[in-house]
Amino acid sequence: MQDLLYFSQQLVNGLTIGSAYALIAIGYTMVYGIIGMINFAHGEIYMIGAYTALIAITGLATLGVAWLPVILLVALICAVIVSSSMGWAVERVAYRPVRGRHRLIPLISAIGMSIFLQNYVHLAQGSRNIGFPALIDGSFRFGAPESFQLSLSYMQITIFITTLICMTLLSLFISRSRIGRACRAVSQDLGMANLLGIDTNRIISATFVIGASLAAVAGLLLGMYYGSVDPLFGFIAGLKAFTAAVLGGIGSIPGAMLGGLILGVSESMTSGYLSGEYKDVVSFSLLILILLFKPTGLLGKPEVEKI
Amino acid sequence: MNISAKKLATAVSASVALMAAGHATADIKIGIAGPMTGPVAQYGDMQFSGARMAIERINAAGGVMGEKLVAVEVDDVCDPKQAVTVANRLVNEGVQYVIGHLCSSSTQPASDIYEDEGILMITPASTSPEITERGYELVFRTIGLDSMQGPVAGNYIASQKPERVAVVHDKQQYGEGIATAVRDTLKDAGIEVAMFEGITAGDKDFSSLVTKIKQADVDFVYYGGYHPELGLILRQARQTDVTAKFMGPEGVGNKDINTIAGEAAEGLLVTLPPSFDEKAENQELVKAFKDKGEDPSGPFVLPSYTAVQLVAEGIKQADSTDPFDVAAALRANSFETPIGTVQYDKAGDLKSFEFVVYEWHSDGSKTPAQ
């Protein structure tokens, strides 16, 4: 019983972090699916989302607003607005001018953008860790109080539910809306979509904005869950989310969700049963194995050679 | 073509002569190397503020052998690669004395360069024993060693009679070194160390680690490392009802842990150098810091002040600015400093240095632990 509770606790920990990875991974996978490039500045967009949320929360606290739903909603809206305009601007400034060139050029441009944004936040906000207030506190407990108790915190539940809502909305948006349909068309064949009268530039911008908004949501959630932010906050999370996207099959949205969850759970199980030191070793080995045996990822479609 | 080459040659020789002239009346340059930016910059602030104050006061009192001390400040971000870069920059600047570095993992590679180049280095903060184990002639410190701090922490934990203890570290030279010393002390005292595990510095998610600590059912957790990680571990541990007492080395003892951990920092135990700023003989100096709007209570402020003072007094005793003579003078004499009477052994370590266990509070203050 004790062991089962311990296992479930690690599973909950893994699923929480995994669903946040999935939110960030969507940004990588959608951009790749549409223009075939990897947006390495995406981790920084997520970090900026977390900072914006923190600034909004602090601002509201000084204004004396104490009602939690208002604080969260305002923080969320601010984070989404700032991050998505940042995502849009990054595409306009760094990627659009080099689109269609050799594929290394946008990649280098992306890495440059990532370094720029990191250092910008270093300068603007300082390099120290800033504490994030624990707004959602408390947890449900399972198991006898004298032995190991499974605790499911309200914050973890919030992360699950928010991710679930975001993913459902995204799936509906992609499958039902006009822009969603255009997105799918562009990802199948950019040139053809252009010929058929779809404003591909607008669709590509929309992709960046959607990815950045989800990253901002993840930034707010993980900032509150972990408890602090720093300018390098986005780097590791970005790397992990990118791994998740590749694991699930880059270009595939359900793949990013699956990849995120698998990565999160494998990380927490490794630290739970082996040692925290091997956490990254196991998750990146997993990536190498998948790439060796199924290079397109778990749910990725094999690329059809166009003749 | 010919003329311009000649002109160029004249200009170059003129400027070389100017530089040489500038050098002849040069002041004594003191390099201060530590993190101005990066996650542990607050320790760097302590180091810079202590060293600057010492330089200011020594200059106000007439300098050293008629010459003024001039600070050359460099930022190593507490990153070993950056530390090597800035060490080379100090070499090029013609610095002969360095106060720094702060993180042991930066001090170690930088000290190789200083020793090769004949530069005297005094670190006010690096506690890793390996730094002075290599038989270097020009490496000193104004702080104790992990091998002194570890047993203090270990013995304190043993005196609280816990049944089981977890020891966690950040896999870095400083953190793992001190965690190992604590584990060994605990084992010698016959206390079960249920967990000895590393984490990755810079990581944010410690939920799995915290679950493991909870499962291991320990009464005490010792963490070897710095405050950004321990702050998060504390916070995440309190949210999942881990009731164990936490303890860390001086790398966690600063007010930033309160902004990260909040209420969860209450009751954290920290081994720190004794509060030099509370000693009666230092009150005049403490006032000078306060007049300048600076806080002298950080653990590295007065050791850093002392390091500069030792360079100045070493030069006076040796009656020479040659770093090797100064090093010999530091080993041969004893000095009265804000951190007490300083005497060096052959390795460059202080003959005695005390660590004290403090209890940290959620408002950032500390009191001696019971």
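In the text below, chain A, chain B and the rest are named by the order of the sequence lines, each starting its count at 1.
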Can you name the side-chain contact (heavy atoms from CB on, under 4.5 Å) partners of B:Pro273, sequence neighbours left out?
B:Ile143, B:Glu250, B:Phe276, B:Pro299, B:Phe353, B:Phe355

If you count heavy-atom pairs under 4.5 Å with chain B, which of A:Ala237, A:Pro231, A:Gly227, A:Gly276 comes out on top?
A:Gly227

Within a radius of less than 6.0 Å around CZ of A:Phe235, do more than 12 heavy atoms belonging to other residues, nucleotides or ligands occur?
no

Chain B heavy atoms under 4.5 Å from A:Leu232: which part of the residue, side chain, backbone, both or neither?
neither

Does atom CZ of A:Phe7 have more than 12 heavy-atom neighbours from other groups under 6.0 Å away?
no

What part of A:Leu123 gets within 4.5 angstrom of chain B, counting heavy atoms only: side chain, backbone, both, or neither?
neither

Would you enumerate the inter-chain donor-acceptor pairs between chain B and chain A whose distance is below 3.5 Å?
unit_1	atom_1	unit_2	atom_2	d
B:Gly38	N	A:Ser127	OG	2.8
B:Gly38	O	A:Ser127	OG	3.3
B:Asp45	OD2	A:Arg128	NH2	2.5
B:Glu197	OE2	A:Gly276	N	2.8
B:Gly198	N	A:Glu277	OE2	2.8
B:Asp203	OD2	A:Lys279	NZ	2.6
B:Lys204	NZ	A:Asn129	OD1	3.2
B:Lys204	NZ	A:Ser228	OG	3.0
B:Lys204	NZ	A:Asp230	OD2	2.6
B:Ser207	O	A:Asn13	ND2	3.3
B:Ser208	O	A:Gln10	NE2	3.3
B:Ser208	OG	A:Gln10	OE1	3.3
B:Thr211	OG1	A:Asn13	ND2	2.8
B:Lys212	NZ	A:Ser271	O	3.1
B:Lys212	NZ	A:Leu274	O	3.1
B:Lys214	NZ	A:Gln149	O	2.8
B:Arg235	NH1	A:Phe132	O	2.6
B:Arg235	NH1	A:Gly227	O	3.1
B:Arg235	NH2	A:Phe132	O	2.6
B:Gln236	NE2	A:Tyr226	O	3.2
B:Asp241	OD2	A:Arg141	NE	3.1
B:Asp241	OD2	A:Arg141	NH1	2.7
B:Asp241	OD2	A:Arg141	NH2	3.0

Would you please name every residue forming a side-chain hydrogen bond (donor to acceptor under 3.5 Å, both in side chains) with B:Glu73, sequence neighbours left out?
B:Arg52

Across all chains, not counting sequence neighbours, the side-chain contact (heavy atoms from CB on, under 4.5 Å) partners of A:Ile71 are A:Ile57, A:Leu60, A:Val65, A:Leu135

